[in-house]
2 protein chains.
Amino acid sequence: MSLTEMSVNKCFGGKQGVYSHKSSATGTDMTFAVYEPPQAADGPVPVLWYLSGLTCTHENAMVKAGAQAIASQRGIMLVFPDTSPRGDDVPDDPDGAHDFGLGAGFYVNATEAPWNANYHMADYIAEELPALIAANFPADMARQGITGHSMGGHGALTIALRHPGRFKSVSAFSPIVSPMNCPWGHKALGGYIGDNRDDWRAYDACALIADAPERLPILVDQGDADNFLEEQLKSHLLREACDKVGHPLTLRMQPGYDHSYFFIASFMADHVTWHAEALI
Amino acid sequence: MSLTEMSVNKCFGGKQGVYSHKSSATGTDMTFAVYEPPQAADGPVPVLWYLSGLTCTHENAMVKAGAQAIASQRGIMLVFPDTSPRGDDVPDDPDGAHDFGLGAGFYVNATEAPWNANYHMADYIAEELPALIAANFPADMARQGITGHSMGGHGALTIALRHPGRFKSVSAFSPIVSPMNCPWGHKALGGYIGDNRDDWRAYDACALIADAPERLPILVDQGDADNFLEEQLKSHLLREACDKVGHPLTLRMQPGYDHSYFFIASFMADHVTWHAEALI
């Protein structure tokens, strides 16, 4: 697996790089970003995954979330993957909608045609990219945390729940907590994996929490002025699912905050600190 | 002078707003951004101006520089103006070059046609917009600092030098220190104000420092891996101009850093702290 370096910029004493590679999971070229803190020059450092939301690429959080400032202080590597396969041959939503197809992989492995040719973001994020990171960066893969925003918060929660023992910490910003119970989720899961709702449970954080073999504590920040809260995000469902089985959850409703990166940046230091306490 | 609110997002406990208004200085609609820290809810706070570089709008620093994090802690308002007039009727570089016309106002008052109809960014930044800020935001105009990047660093230095007594602090990231001595400057000053080089001195930080009636200390950070350093930025000329007259300058050459916002973000906290020490 060879990498092409697209750019490297010195940043807070470390290296902010962007890389591309041919992905076997998606059958396309994929682009991702890695921030190596200054401590990585002396040996492997823990890794924090950041999964982005609808319409985003590797770039949004890399330039807008302000995560490098604190990752540099704590000595944590950041990995920013893309949110879907891309390319002229990759099928997209026929109407060009923002919530399906390009930029909206939903961190699932599609089984329905034509999406099943490329949309294997679950395998890409959980299998192929970790192997690539381990092989090419000074990453201590025994110390991994995962976070994300919105669709990426859903990705972070479900990937952590589907891989017990892999992550030492998990958090999310305004996550879609139950795709089985919101329009974005119905469209994505129905489209990518079909109409059998039993198959959807593997990609629903609230469903997975019911049977989770591991009770990794979850930190969630959610703005109460978020336009998507009521219809799509529904953080109360996560509260209920966790309460039911005693899964530790810190759910912070943040007054006046919306769904934007201004919200994410405001609480990024808290999240990196949450992960640092488990990883360092 | 009435303002139209384009967007407001809660950010680090304060308000990140974007506003537009009809400018008499430029004869166009102008857009700018203001960050009000949480302390502004209790009364007027000091103001830090951030002037952006070539190709930028009000948005670049607002989303990429990470300044709100520390401005929130220190209780400083941030103002992010645009870099030129804009609109279908505003003349642009005939070749669409990035270094003249739209996005490249150079913080001068143009005297040459056709630019003199709209390109009055010196008046806009130094006269019209401060009056608008004073009238519409909880800004303590007796406590102002100014900074900027590249062309905006040139703007910050020259506007501070042209208005002795107005600012309590000044700094710059990789500024164009002497437009009279670099290709970007020759093109901009020649185009906007004509071939008489005596007229250029009012917009050249190194020339202004020679006769400055005020010796406000300057902080400059400059990456030594900046591709524009040798041909355009030439920070050594600022060093020489300051040494000649004893103007206090802290010029920090930052090893390995380039011209990007990853560099700016890395040292933004230092700059806001520099201003806070003079303003608070």
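Chain letters run A, B, ... following the sequence lines, proteins first and then strands; every chain starts at 1. Just so you know, these numbers use all the heavy atoms, side chains as well, and skip hydrogens, waters and symmetry mates.
Contact annotation: the side chain of B:V63 never approaches that of A:V63 to less than 4.5 Å [non-hydrogen atoms, C-beta and beyond]. Two residues are said to be in side-chain contact when any heavy atoms from C-beta on lie closer than 4.5 Å; A:F32 and A:L132 meet this criterion. Side-chain contact between B:L54 and B:F228 is absent, with no heavy atoms from C-beta onward closer than 4.5 Å. With a 4.5 Å cut-off on side-chain heavy atoms, B:L251 and B:L238 do not count as touching.
Taking B:A156 as the reference, B:I146 meet the side-chain contact (heavy atoms from CB on, under 4.5 Å) condition, with sequence neighbours excluded. Not a single ring-ring contact (aromatic ring centres under 6.0 Å, His included) links A:F12 to another residue, sequence neighbours left out.
Heavy atoms closer than 4.5 Å to chain B are found in both the backbone and the side chain of A:A265. Neither the backbone nor the side chain of A:M268 comes within less than 4.5 Å of any heavy atom of chain B.
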Just by distance, which donor-acceptor pairs between chain A and chain B come in under 3.5 Å?
{"unit_1": "A:N9", "atom_1": "ND2", "unit_2": "B:D258", "atom_2": "OD2", "d": "2.5"}
{"unit_1": "A:K10", "atom_1": "NZ", "unit_2": "B:P255", "atom_2": "O", "d": "2.7"}
{"unit_1": "A:F12", "atom_1": "N", "unit_2": "B:S266", "atom_2": "OG", "d": "2.6"}
{"unit_1": "A:G13", "atom_1": "N", "unit_2": "B:Y257", "atom_2": "OH", "d": "2.7"}
{"unit_1": "A:P255", "atom_1": "O", "unit_2": "B:K10", "atom_2": "NZ", "d": "2.6"}
{"unit_1": "A:Y257", "atom_1": "OH", "unit_2": "B:G13", "atom_2": "N", "d": "2.7"}
{"unit_1": "A:D258", "atom_1": "OD2", "unit_2": "B:N9", "atom_2": "ND2", "d": "2.6"}
{"unit_1": "A:S266", "atom_1": "OG", "unit_2": "B:F12", "atom_2": "N", "d": "2.6"}

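Interface remark: of the candidates B:G223, B:G256, B:G66, B:A225, B:G256 forms the most heavy-atom pairs closer than 4.5 Å to chain A.
Across every non-hydrogen atom of A:I264 and A:A65, the tightest pair is CG2-CB, 4.2 Å.
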